[in-house]
Amino acid sequence: ITRAVLSYLVNDTQLEYEGEAFENGLINFFSAMNYLNMDKYEDALVEMKKVSHKLQVHLDKFVKELDKIKQAGGKPSIKYLDDAFIQYLIGKLYEMDKDEDDALIAYRKSFEIYNKLYSQFYDTPIPEFVINDYFRLAHKLNFQTDLSKINKLLPQYATEINKNEN
């Protein structure tokens, strides 16, 4: 209460700023970009994993709050749940580190976030580069569940890729 009163009497700089969910990972994101610029891929991956962890903590917190809101009969206000582009970059870094299984998981997350959240709340389609890398790696690793998911959502795209491979 003391900080709130002080903030009211003096100014808002007396309050701690927790930041929005998307802001909390930006330092790690920019650190990762800096490491990439210095060709330190493992360090960049560590920073991106930190971002991923922060996103997961945020999502877990939202799910708990969502349950409370639903029980009270309210409607949730969704601002930001996860970051599809960050998940995609994590996949790229895993691939650079020759960890294709984790890269596929990250590409899958990115694909699903674009498909389920971004298309619904932001009217943003799945970018071609996400589809390309997700499909390419799923095909290379022979993950039939992922290939089926892509074929089901984007049959014209999967057919075109299959033609190009033959």
Side-chain angles (χ1 to χ4, degrees), residues 16-36 41 44-97 99-162:
E16 283 187 38
Y17 178 69
E18 290 183 29
E20 295 287 332
F22 67 90
E23 294 172 325
N24 288 327
L26 285 177
I27 291 174
N28 302 103
F29 171 77
F30 285 112
S31 294
M33 296 300 101
N34 189 41
Y35 282 128
L36 281 175
Y41 302 111
L45 184 57
V46 168
E47 291 299 324
M48 293 304 282
K49 285 180 181 180
K50 290 178 184 177
V51 175
S52 183
H53 174 73
K54 288 178 180 182
L55 289 170
Q56 187 61 50
V57 167
H58 172 68
L59 184 59
D60 292 344
K61 181 180 172 185
F62 175 78
V63 169
K64 286 179 186 175
E65 289 176 11
L66 181 63
D67 290 339
K68 290 178 187 174
I69 292 168
K70 283 183 179 178
Q71 288 175 354
K75 270 192 159 180
S77 157
I78 298 175
K79 289 183 179 177
Y80 182 82
L81 293 179
D82 206 341
D83 196 302
F85 186 67
I86 293 290
Q87 296 298 343
Y88 175 77
L89 286 178
I90 291 169
K92 278 304 212 191
L93 289 169
Y94 274 129
E95 240 187 313
M96 291 169 79
D97 199 39
D99 187 348
E100 292 179 330
D101 289 331
D102 283 336
L104 182 67
I105 292 167
Y107 290 152
R108 181 186 306 129
K109 277 184 174 180
S110 177
F111 182 87
E112 290 174 351
I113 295 165
Y114 275 115
N115 183 50
K116 293 178 183 173
L117 293 176
Y118 284 26
S119 63
Q120 181 181 355
F121 295 109
Y122 309 119
D123 197 29
T124 302
I126 304 169
E128 289 286 323
F129 60 86
V130 172
I131 300 167
N132 287 337
D133 286 336
Y134 180 40
F135 186 85
R136 175 187 48 77
L137 201 51
H139 190 279
K140 180 180 179 181
L141 299 176
N142 198 27
F143 275 64
Q144 293 302 314
T145 306
D146 291 292
L147 293 171
S148 296
K149 184 185 302 184
I150 296 167
N151 284 326
K152 182 180 176 184
L153 289 171
L154 306 163
Q156 73 288 353
Y157 186 84
T159 303
E160 187 64 32
I161 291 175
N162 288 331

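Nothing fancy with the numbering, it's 1 onward along the sequence.
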Answer yes or no: is there a donor N or O on one side and an acceptor on the other, between the side chain of Asp83 and the main chain of Phe85, under 3.5 Å?
yes
What distance do Lys92 atom NZ and Phe129 atom CZ have between them, rounded to the nearest 0.5 Å?
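Nearest 0.5 Å value for the NZ-CZ distance: 9.5 Å.
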Answer yes or no: are there more than 12 heavy-atom neighbours, outside Asp60 itself, under 6.0 Å from its atom CG?
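Atom CG in Asp60 is crowded, with more than 12 foreign heavy atoms closer than 6.0 Å.
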Closest non-hydrogen atoms of Ser110 and Ala84, given as atom of the first, atom of the second and distance, are OG-O, 2.9 Å
Output the distance between atom CD1 (Ile150) and atom CG (Asn115), rounded to the nearest 0.5 Å.
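The CG atom of Asn115 is 11.0 Å from CD1 of Ile150, to the nearest 0.5 Å.
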Between Tyr41 and Tyr35, is the gap from one ring center to the other below 6.0 Å?
no
Heavy-atom check, side chain of Ile131 versus side chain of Tyr107, under 4.5 Å
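Not in contact.
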So does Lys50 pair up with Glu47, basic N to acidic O under 4.0 Å?
yes
State, yes or no, whether a side-chain contact exists between Tyr118 and Ile126 at a heavy-atom distance under 4.5 Å.
no
Heavy-atom side-chain proximity of Leu55 to Gln87 below 4.5 angstrom:
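Contact flag for Leu55/Gln87 side chains = yes.
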If only atom types and distance count, is the side chain of Asn151 paired as donor or acceptor with the main-chain N or O of Leu147 below 3.5 Å?
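Between the backbone of Leu147 and the side chain of Asn151 there is a qualifying donor-acceptor contact (under 3.5 Å).
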Can you name the residues that form a salt bridge (Lys or Arg N to Asp or Glu O under 4.0 Å) with Lys140, not counting sequence neighbours?
Glu100
Interatomic spacing from CD1 in Ile113 to CD1 in Ile86 - rounded to 0.5 Å:
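These two atoms lie 10.0 Å from each other.
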Beyond-backbone contact of Leu89 with Phe29, side-chain heavy atoms, under 4.5 angstrom:
yes
Would you call Leu104 and Asp101 a side-chain contact if the rule is heavy atoms closer than 4.5 Å?
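A side-chain contact is absent here, since even the closest heavy-atom pair is not under 4.5 Å.
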Is atom CD1 of Ile27 surrounded by more than 12 heavy atoms (other residues, nucleotides or ligands) closer than 6.0 Å?
no
Which heavy atom of Lys54 sits nearest to which heavy atom of Asn28, and what is that distance?
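Result for this residue pair: NZ-OD1, 2.7 Å.
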Roughly how far, to the nearest 0.5 Å, is the CD atom of Gln56 from the NE2 atom of His53?
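The NE2 atom of His53 sits 9.0 Å away from the CD atom of Gln56.
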Working to the nearest 0.5 Å, report the span between CD of Glu128 and CG of Asp133.
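So the CD of Glu128 and the CG of Asp133 are separated by 11.5 Å.
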Pairwise distance CD1(Ile90) to CG(Asp102) - rounded to 0.5 angstrom
10.5 Å
Asp146 and Arg108 ion-paired at < 4.0 Å
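Salt bridge between Asp146 and Arg108, a charged N being under 4.0 Å from a carboxylate O: yes.
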Are the aromatic rings of Tyr114 and Tyr88 close, with centres under 6.0 Å apart?
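Between Tyr114 and Tyr88, the centre distance exceeds or equals 6.0 Å.
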Which heavy atom of Gly91 sits nearest to which heavy atom of Ala103, and what is that distance?
O-CB, 3.4 Å
Side chains of Phe135 and Val130, heavy atoms from C-beta outward: is any pair under 4.5 Å?
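No - every pair of side-chain heavy atoms lies 4.5 Å or more apart.
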Counting C-beta onward and ignoring hydrogens, is there a side-chain heavy-atom pair between Leu93 and Leu36 closer than 4.5 Å?
yes
Beyond-backbone contact of Lys149 with Tyr134, side-chain heavy atoms, under 4.5 angstrom
yes
Strictly distance-based, threshold 3.5 Å: is any side-chain N or O of Thr124 a donor or acceptor partner for the main-chain N or O of Tyr122?
yes
